[in-house]
Q: 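Encoded as structure tokens, here's the structure I'll be asking about.
Computed from a predicted structure; not experimentally measured. By convention here, the first residue in the shown sequence is residue 1.
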Amino acid sequence: MIKLIASDVDGTLVKDSSPYIYPEMPEAVRQLKKKDILFCVASGRQYYSIRNMFKDVADDISYIAENGAHIIHQGKTLYISEMNREYAKGIVKLYREHRDTCECIVSTPKMTLMETDNREFIELIRNGYRNRFEVVHDVLETTDPIIKVSIYKKDGIRKLGEEEFIPCWQDKVKATMAGEEWVDFMSKDVDKGNGLRVLCEHLGISREETIAFGDNDNDIGLLKAAGVSYAVETARESVKQIADYVCPSYAEKGVYQIIKKLIS
């Protein structure tokens with residue numbers, strides 16, 4: 001019997017950086033709840049971004065945010081993974097060497113911090129991701145725990161990410177592509193799959209009682225941790241290879257199609 005369904009957001013449920021979920025999903029979450037099935041969002045996004053996205057059912061779902069660095073259930077924080085501050089400083093320094101073409105955000109449990117005057121990027125964070133954020137002079141001056149550093153490049157960062165950013169830091173931190181425009185850096189222990197295990201242990205749910213959906217490299221751990229796993233049709237080939245099944249893409253509301261069958 002399935003007791004928990006976890007899904008990635010960008011590229012899986014919706015198009016990358018979309019601020020909204022399609023209208024069928026909140027009702028699907030309500031129907032799942034009636035059947036005692038918990039819906040969990042497992043995303044690289046900030047907690048407040050996801051909560052805004054699912055505002056109609058925000059208190060009915062659980063959150064594996066920041067790729068698993070921040071886990072929340074029923075308003076209670078179950079887990080936070082703080083980055084080594086020296087590593088965070090080094091990654092921000094790397095970003096600053098590329099700031100003519102890239103942007104950077106530093107995530108804390110409270111908000112996103114940015115040191116930019118790029119209005120287009122600020123509007124993306126405000127209206128696309130709907131993050132709680134602050135523009136500051138120096139992101140490293142924060143005294144709050146740093147749980148993730150992300151570097152963004154409009155129109156694609158994969159080549160730069162896979163050839164320079166990730167190789168430079170993958171021995172020290174968890175470094176992964178998160179969509180085509182973001183590279184995420186977190187503590188080594190951070191993974192959506194670990195996040196799913198933490199949540200399931202807290203709730204007394206077994207691996208066999210879970211389903212997960214994903215599309216990108218940062219979803220592989222999540223799919224491996226679930227009892228049944230789906231990659232969407234537009235997923236990376238590496239993700240499809242480890243998934244149990246392939247379902248339609250976000251454009252065809254593939255996750256909802258599978259949930260609808262489960263509900264009925």
Q: For the residue pair F121 and Y152, categorise the inter-ring angle as parallel (less than 30°), tilted (30 to 60°) or perpendicular (more than 60°).
A: tilted
Q: Ignoring hydrogens and angles, tell me if any N or O in the side chain of N216 forms a donor-acceptor pair with the backbone of N218 under 3.5 Å.
A: no
Q: Could you check whether any side-chain N or O of K192 sits under 3.5 Å from a backbone N or O of A42, counting only pairs where one atom can act as donor and the other as acceptor?
A: yes
Q: Flag the pair I37 / L262 as yes when at least one side-chain heavy-atom distance between them is below 4.5 Å, and no otherwise.
A: yes
Q: What are the two closest non-hydrogen atoms of P23 and P26, and how far apart are they?
A: O-CD, 3.3 Å
Q: For the side chain of Q46 and the backbone of R132, is there at least one donor-acceptor N/O pair under 3.5 Å apart?
A: yes
Q: Are side-chain heavy atoms of L4 and L199 found at a separation under 4.5 Å?
A: yes
Q: So does D59 pair up with K33, basic N to acidic O under 4.0 Å?
A: no
Q: Got a donor-acceptor contact below 3.5 angstrom from the T210 side chain to the R207 backbone?
A: yes
Q: Less than 4.5 Å apart, any side-chain heavy atom of M177 and any of E162?
A: yes
Q: Give me the ring orientation class for H73 and H202: parallel if the planes are under 30° apart, tilted from 30 to 60°, perpendicular past 60°.
A: perpendicular
Q: Would you say the side-chain atoms of K172 pair up with the backbone N or O of S187, donor to acceptor, closer than 3.5 Å?
A: no
Q: Please check: side-chain N/O of N52 versus main-chain N/O of Y48, any donor-acceptor pairing under 3.5 Å?
A: yes
Q: Do T12 and D215 have side-chain N/O donor and acceptor atoms under 3.5 Å apart?
A: yes
Q: Where do K240 and A235 come nearest, in terms of heavy atoms and distance?
A: CE-O, 3.6 Å
Q: Would you say that more than 12 heavy atoms from the other residues, nucleotides or ligands in this model lie under 6.0 Å from the OH of Y22, or not?
A: yes
Q: One pair to check against salt bridge (Lys or Arg N to Asp or Glu O under 4.0 Å): R45 and D10. What are the steps and the verdict?
A: CA-CA 9 Å; R45 293 197 191 200; D10 294 286; 2.7 Å; yes
Q: Would you say the side-chain atoms of Y63 pair up with the backbone N or O of A58, donor to acceptor, closer than 3.5 Å?
A: yes
Q: State, yes or no, whether a side-chain contact exists between E27 and Q31 at a heavy-atom distance under 4.5 Å.
A: yes
Q: Can you tell me which residue among S150, S81, S49, S107 is in a side chain to side chain donor-acceptor pair (under 3.5 Å) with E66?
A: S107
Q: Tell me if the CG atom of D117 is crowded by more than 12 foreign heavy atoms within 6.0 Å.
A: no
Q: Within the side chain of K3, is there an N or O that forms a donor-acceptor pair under 3.5 Å with the backbone of G204?
A: no
Q: Rounded to the nearest 0.5 Å, what separates atom CG in L222 from atom OG in S7?
A: 8.0 Å
Q: Answer yes when K154 and E120 have at least one side-chain N-carboxylate O distance shorter than 4.0 Å, and no when they do not.
A: yes
Q: Are any side-chain N or O atoms of E233 and backbone N or O atoms of S249, one a donor and one an acceptor, separated by less than 3.5 Å?
A: no
Q: Which pair of heavy atoms, one from M114 and one from I125, lies closest together, and at what distance?
A: SD-CG1, 3.6 Å
Q: Consider only side-chain N and O atoms of Y79 and D189, and report whether a donor and an acceptor are under 3.5 Å apart.
A: yes
